Amino acid sequence: MGIGGLARTRKTTLCVSSQGRLRARLRLLHDRTAGKRRDLTAGEIVGQVLVAREYLTTRGGMLTNIVFMGMGEPLLN
């Protein structure tokens, strides 16, 4: 039992990002785009949730919480 008689449940939280970094492969473009961020499309944002949900489901888990971040850093970790 948890606090106050409430049953404990296992929770899984996904940190969804709304931005990503541009990564140029050419040296010429690298100087202009290094470190700049772009907004992800709605499909890319939803895709993060779908991939995480599928991953957890195949391992007997379940996604219970979603946190929406705006800085893009979770994609680089």
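The structure presented is a predicted model; accordingly, all values stated were derived computationally and were not measured.
The distance from the CE atom of Met62 to the NZ atom of Lys11 is 9.5 Å, given to the nearest 0.5 Å. In this structure, the separation between CZ on Arg59 and CD on Glu54 is 9.0 Å, given to the nearest 0.5 Å.
Within 6.0 Å of CD on Glu44 lie more than 12 heavy atoms contributed by other residues, nucleotides or ligands.
Taking both residues in full, the closest heavy atoms of Ile45 and Ser18 are given as CD1-CA, 4.1 Å, listed atom of the first, atom of the second, then distance.
Within the 3.5 Å criterion, the main-chain N or O of Thr64 finds no donor-acceptor partner in the side chain of Thr12.
In the hydrophobic clustering of this structure, Leu63 groups with Tyr55; members are Ile, Leu, Val, Met, Phe, Trp, Tyr whose side-chain heavy atoms approach within less than 4.5 Å, directly or through other members. Side-chain heavy atoms closer than 4.5 Å link hydrophobic residues (I, L, V, M, F, W, Y) into clusters, and following such links, even through other members, never connects Val46 to Phe68. Both Ile66 and Leu56 are members of a single hydrophobic cluster when ILVMFWY side chains are connected at heavy-atom separations under 4.5 Å.
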